[in-house]
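Heads up: the structure comes next, in structure tokens.
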Number of protein chains: 2
Amino acid sequence: MSLNRHQSAGYMTNWAARLFARAIDQKLKPLGFSSGYLPVFFALADGGARTQKQLARDAGIEQPTMAATLNRMERDGLITREKDSEDRRVTHIRLSPEARENAKDIQAIVDQVNEAALSGLNSLEQRVFLDALGKVTTSLAKAEDEDDPKPDDQ
Amino acid sequence: MSLNRHQSAGYMTNWAARLFARAIDQKLKPLGFSSGYLPVFFALADGGARTQKQLARDAGIEQPTMAATLNRMERDGLITREKDSEDRRVTHIRLSPEARENAKDIQAIVDQVNEAALSGLNSLEQRVFLDALGKVTTSLAKAEDEDDPKPDDQ
DNA sequence: CAAGAATACATAGCTTGCTATATAAAACAT
DNA sequence: ATGTTTTATATAGCAAGCTATGTATTCTTG
């Protein structure tokens, strides 16, 4: 039973993800931002509005997780919520002007961390790595679906 | 400001890590195990004892996180804690016999998820992917160290 | 040897993820 | 038109990660 965990894709992916999050969170902290806000930030960066459900699906997280994230972002003054006048179940979420002011800085930090992370790879390896991540997520998402098919995946 | 997040290593790594964890947790649940227990499980699978500090360093997580994980594992009857008789600060942690009985099943589940995740890659891509994950963690860990040098990294 | 530093672990409080379930509104179907 | 189903969001409770800090014990050093 001697397993080399450095050969385990799941273990290494989890480890890398934690290091990414730690690096990003450290650098975003002075801006009042954190890694969990990024998917929302990028989804809304065009200035438009999205519903909670759209944001969750877009970020690949569950609805209650997105609800909690949006609560923190609202608390921190980064988003606004506006009830739809026609369908009162729906809420439209937008970035606040204050959040949008930080766009350039946030983008720079994200780029910087990604660049540092990939600095040990040549450009071919970088391409294969990103491509592989895409294929891995596709495979895992498909396996998840087969085990537990949700109809709402449109 | 139109960023394709599928090109962001950090975003994709985080996404893949969540899919890995979800898949593993689903399959480990019937055994009373979860993904957070795996690093401890593998570190102790040889039947020997480790201290909390050794386990945390080995798993690449912080000491309080490991303390919480060990509390849950103890609650679930998967480990035993034994105070060192010489140095009363130190606790020796071992897998319980019950935990060790599940070793083969757990290994099989981990292998199965890893295999499914990598099924879309040919063997060259798999090698490059695992190698890249190693280099990415090395780069990120080094950057972390440079920002905030801890003396205890022996 | 006593005082201070270092070490191992514990605790508090937060974030970001999950599942399961509740609630309210809208849509559908008889 | 009302009863059922679907949809959007909310809430509860847990896991696993983090930082900051507390506590007890051991080591070091003057």
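So that the names make sense, note that chain A is the first sequence line, chain B the second, and so on, each numbered from 1.
One interatomic measurement links the two molecules: CD of Glu62(B) to C1' of dT21(D), which rounds to 14 Å at whole-angstrom precision. Rounded to an integer number of Å, the gap from CZ of Arg88(A) to C1' of dA10(D) is 17 Å. For the pair Asp87(A) CG and dT7(D) C1', the interatomic distance rounds to 8 Å; values are reported in whole Å. Atom-to-atom, CG of Leu19(B) to C1' of dC18(C) comes out at 13 Å; the value is rounded to the nearest Å. We find that CG of Leu38(A) is positioned 10 Å from P of dG17(C), with the value rounded to whole Å. In this structure, the CE atom of Met66(A) is 16 Å from the P atom of dT15(C), given to the nearest Å. A straight line from CG of Asn14(A) to C1' of dA16(D) spans 9 Å, rounded to a whole angstrom. Look at CG on Leu55(B): it is 12 Å from P on dA10(C), rounded to the nearest Å.
Within a 6.0 Å sphere centred on CD of Glu115(B), other residues, nucleotides and ligands contribute 12 heavy atoms or fewer.
Taking the salt bridge (Lys or Arg N to Asp or Glu O under 4.0 Å) definition, one finds that Arg89(A) meets it with Asp87(A), sequence neighbours left out. For Phe33(B), the ring pair (Phe, Tyr, Trp, His ring centres under 6.0 Å) partners at least two apart in sequence or on another chain are Tyr37(B), Phe41(B). Every residue meeting the ring pair (Phe, Tyr, Trp, His ring centres under 6.0 Å) condition with Phe129(A), not counting sequence neighbours, appears here in chain and number order: Phe129(B).
Shown for residues 67-86 of chain A: residues whose heavy atoms fall under 4.0 angstrom of DNA chain D, namely Arg81(A).
Of the candidates dT16(C), dA16(D), dC18(D), the closest approach to any side-chain atom of Ile61(B) belongs to dC18(D). In the set dT9(D), dC9(C), dA26(C), the nucleotide with an atom closest to the side chain of Val90(B) is dC9(C).
Where Asp25(B) and Lys29(A) meet DNA chain D, the nucleotide closest to each residue was compared, and Asp25(B) sits on the side nearer the 5' end. In terms of position on DNA chain D, the residue among Gln54(A) and Arg22(A) whose nearest nucleotide sits closer to the 5' end is Gln54(A).
A donor-acceptor contact shorter than 3.5 Å links the side chain of Arg18(B) to the backbone of Gly60(A).
Contacts classified as salt bridge (Lys or Arg N to Asp or Glu O under 4.0 Å) and involving residues 65-78 of chain A (residues at least two apart or in different chains) are given here: Glu74(A)-Arg81(A).
Within the 4.0 Å cut-off from OP1 or OP2 of dA10(C), at least one side-chain nitrogen or oxygen of Gln52(B) is found. Between Ser34(B) and dA16(D) there is a side-chain N or O to OP1 or OP2 distance below 4.0 Å.
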Please write out the pairs of protein N or O atoms and N or O atoms of nucleotides 3-7 of chain C separated by less than 3.5 Å, giving the distance to one decimal.
unit_1: dT7(C); atom_1: O2; unit_2: Arg89(B); atom_2: NH1; d: 3.1

